[in-house]
Amino acid sequence: MPEPDISLRVNGSQMKLPKGATIRDLLSQLEIDPQLVAVEQNREIVPRPEYPARILSEKDTIEIVHFVGGG
Amino acid sequence: MNDKPFVVAGREFASRLIVGTGKYTTLEVMKQALEESGSEIVTVAVRRVNLQDRSERSFLSYIDRNRFLILPNTAGCYTADDAIRIARLGREAGLSDWVKLEVLGDEATLFPDNEALLHATKVLVKEGFVVLPYTNDDLINARKLIDAGAAAVMPLGAPIGSGMGIQNLANAMILRERITEVPLIIDAGVGTASDACVAMELGMDGVLMNTGIAAASDPVRMARAMKQAVESGRHAFLAGRMPKKLYATASSPQSGLPQSRS
């Protein structure tokens with residue numbers, strides 16, 4: 001039987017991912033270039049080199065930010 | 001002509017103009033305006049990636065990162081904690097320790113909350129940030145920011161986006177005389193070229209602006225005007241202006257006119 005999905009909150013939206021998915025998997029599914037963003041997992045910044053190994057958990061709150069125009 | 005370089009936190013810049021990247025009608029116009037401004041520092045905001053709309057994702061590809069230092073801001077933050085959080089995220093996204101620190105106190109004026117700004121400055125300096133705080137034109141507050149390790153002081157000339165120019169010339173002059181340890185940069189309120197020129201004529205080390213360029217009918221041309229205004233004002237400051245006098249002094253010789261018929 002396949003593992004059940006986990007559900008988490010990403011930038012305010014609910015998402016489902018396979019159990020064991022990493023931050024790199026999440027970015028890849030969203031087609032986001034990891035070099036251009038910063039990611040928080042439950043308010044803690046995840047250093048970019050850790051994206052491939054950082055496993056997501058049920059009910060995680062993820063924030064993905066990038067640069068936009070501003071003064 | 002000779003001038004000492006514009007140095008912020010040990011880094012030298014060829015231009016004394018810092019420009020924002022917000023409010024442009026298109027990214028192509030922004031790109032041209034940034035190039036025309038001659039600036040080497042551009043501010044950016046840190047925001048959530050929109051998961052549905054991808055149109056914002058190409059933003060950075062319009063900024064030549066070999067030419068421009070990207071200076072993330074903490075615009076929109078109303079508490080020290082929020083500003084610190086955004087500063088840390090900006091560092092992670094941009095791999096630079098520089099931050100334009102804003103902690104706002106009021107939505108109508110966007111005036112800084114100086115108490116929270118000072119606290120955030122202390123925390124971020126301890127974490128190794130180069131902190132450039134947006135503040136008001138208060139000398140005592142500026143002193144406290146410098147004591148806390150701010151790499152520059154960036155007083156507003158007028159409210160953000162108001163385009164009213166430097167409203168309190170006397171305070172600006174006092175700041176200029178009293179703050180010599182770090183660069184003094186007018187941040188906010190510049191609406192047109194003469195405003196930037198006045199700031200530089202007062203001896204400011206630099207000027208930061210966004211709306212003054214982005215909201216012009218022709219932003220690319222205004223960027224050129226701002227570049228020249230900052231340079232002109234700087235030259236005028238270095239040249240040392242003549243003293244103001246209430247009455248006329250003739251520029252032409254008073255004697256030597258041919259005798260008039262009598």
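Just so it is clear: chains get the letters A, B, ... in the order the sequence lines come, proteins before strands, and each one is counted from 1. Worth knowing before you read on, the calculation uses all heavy atoms, side chains too, and leaves out hydrogens, waters and symmetry mates.
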Q | Sole residue of A:Leu27, A:Val65, A:Val37 in side chain to side chain contact (heavy atoms under 4.5 Å, CB included) with B:Val49 | A | A:Val37

**Q.** Non-hydrogen atoms of B:Leu89 and A:Ala38 that approach each other most closely
**A.** O-CB, 3.3 Å

Q. Is the number of heavy atoms from other residues, nucleotides or ligands under 6.0 Å of B:Arg47 CZ greater than 12?
A. yes

**Q.** Polar side-chain atom of B:Lys23 near backbone of A:Gly69 as donor-acceptor pair, under 3.5 Å
**A.** no

Q) Between A:Glu31 and chain B, which part of the residue has a heavy atom less than 4.5 Å away: side chain, backbone, both or neither? A) both

Q | Spacing of A:Ile32 atom CD1 and B:Leu51 atom CG [to the nearest 0.5 Å] | A | 5.5 Å

Q.
For a quick test of reading the model, state the closest non-hydrogen atom pair linking A:Leu30 to B:Arg54 and the distance between them.
A. O-NH2, 3.7 Å

Q. Which pair of non-hydrogen atoms, one from B:Gly90 and one from A:Phe67, has the smallest distance, and what is that distance?
A. O-CZ, 3.5 Å

Q | Part of B:Arg91 lying under 4.5 Å from any heavy atom of chain A | A | neither

Q: List the atom of A:Val68, the atom of B:Thr21, and the distance in Å for their closest heavy-atom pair.
A: O-OG1, 4.1 Å

**Q.** Flag if over 12 foreign heavy atoms under 6.0 Å of CD, B:Glu107
**A.** no

Q: Show the numbers, then the answer: is there a side-chain contact (heavy atoms from CB on, under 4.5 Å) between A:Arg43 and B:Arg85?
A: CA-CA 9 Å; A:Arg43 294 293 294 249; B:Arg85 180 187 186 195; 3.3 Å; yes

Q. Sub-3.5 Å donor-acceptor pair from the side chain of A:Glu63 to the main-chain atoms of B:Arg48, do we have one?
A. no

Q) Between A:Val46, A:Leu36, A:Ile45, A:Val10, which residue shows the highest count of heavy-atom pairs closer than 4.5 Å to chain B? A) A:Ile45

Q. Would the number of heavy atoms belonging to other residues, nucleotides or ligands and lying under 6.0 Å from CZ of B:Arg67 be above 12?
A. yes

Q) Is it the backbone or the side chain of B:Ile86 that comes under 4.5 Å from a heavy atom of chain A, or both, or neither? A) neither

Q) Does CD in A:Glu58 sit with more than 12 non-hydrogen atoms of other residues, nucleotides or ligands closer than 6.0 Å? A) yes

